[in-house]
Amino acid sequence: MLSKKIYNFFLILTLIIISINIYAKEIKIISKINNEIITNIDLENQIKYLLITNSNLKDLNKKDLIELSKNSLINEILKKKEIDKFLSINEKSSLGEKLVKQNYMSLGFENKSDYKSFLEKKGISLELVKSKLIIEQLWNTLIYEKFKEKVKINEKQIKKKIKIYKNQQKKL
């Protein structure tokens, strides 16, 4: 009787282990940038993120989408490393919530919970999206602050080009 219980226990345990292994994803290192690694899971998440933020990318073939996503991840790592030299990225800041709200409203969602549900259906977390939005915003701010003194805007020249463009449109 005891041996049958032990046999059944090991049989069930074996079945559980086999089923876990069947559904487990193998994690592979795709690339290494400085001390940061990019895994196949990171790449899958980036593909999902890019497809959510730019619906035109669904027309790309899989190879091009993978390459674009890999390059995008590399750029993100480099941006984050540069930002870290000047600022501490606090992902719990109010900036993150503000950026998430701007993002879901621009995509046509009325509230955060609908957006969060949408992201979960697509297999991506709101926290990952928030992190990416923060990095992008801080990067844009850093670049602006770094180069704002070097950018000169000639309003007269811009107005002249706009008039020329309008005149060409009228002729067409």
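Under a hydrophobic-cluster definition in which Ile, Leu, Val, Met, Phe, Trp and Tyr are linked whenever side-chain heavy atoms come within less than 4.5 Å, directly or via other members, Leu43 and Leu78 are assigned to the same cluster. Hydrophobic clustering (side-chain heavy atoms under 4.5 Å, transitive across Ile, Leu, Val, Met, Phe, Trp, Tyr) keeps Leu73 apart from Ile29. Taking hydrophobic clusters as Ile, Leu, Val, Met, Phe, Trp and Tyr residues chained together by side-chain heavy-atom distances below 4.5 Å, Ile37 does not share a cluster with Leu128. Follow the hydrophobic side-chain contacts under 4.5 Å out from Ile74 and you reach Leu68 in the same cluster.
Atoms CG and CG, from Leu119 and Leu107 in turn, are 8.5 Å apart once rounded to the nearest 0.5 Å. Glu136 contributes atom CD, which lies 3.5 Å from atom NZ of Lys79 (distance to the nearest 0.5 angstrom). Considering CG of Asn45 and CD1 of Ile124, their distance stands at 5.5 Å, rounded to 0.5 Å. Going from atom CG of Asn103 over to atom NZ of Lys98 covers 13.5 Å, rounded to the nearest 0.5 Å. Between the CD atom in Glu67 and the CG atom in Leu60 there is a gap of 11.5 Å [rounded to 0.5 Å]. To the nearest 0.5 angstrom, Ile52 atom CD1 is 11.5 Å from Leu57 atom CG.
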Enumerate, atom names and distances included, each donor-acceptor pair closer than 3.5 Å involving a side-chain atom of residues 156-165, sequence neighbours excluded.
unit_1, atom_1, unit_2, atom_2, d
Tyr165, OH, Gln169, NE2, 3.3

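In this model, a donor atom of one side chain and an acceptor atom of the other lie less than 3.5 Å apart for Asp42 and Thr39.
Using a cutoff of 4.0 Å between basic side-chain nitrogens and carboxylate oxygens, Glu127 and Lys130 are scored as salt-bridged.
When each of Glu36, Glu82, Lys32 is tested with Ile77 by the rule side chain to side chain contact (heavy atoms under 4.5 Å, CB included), just one qualifies, namely Glu36.
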Query raised in the report: Leu51 and Leu65: side-chain contact (heavy atoms from CB on, under 4.5 Å), yes or no, with the steps?
Result: CA-CA 9 Å; Leu51 288 172; Leu65 188 57; 4.1 Å; yes
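In plain terms, the two heavy atoms of Leu133 and Leu99 that are nearest each other are O-CD1, 3.5 Å.
For the ring-ring contact (aromatic ring centres under 6.0 Å, His included) condition, the pairs that include at least one residue of residues 107-143, sequence neighbours left out, are Tyr104-Tyr115, Phe109-Tyr115, Phe109-Phe118.
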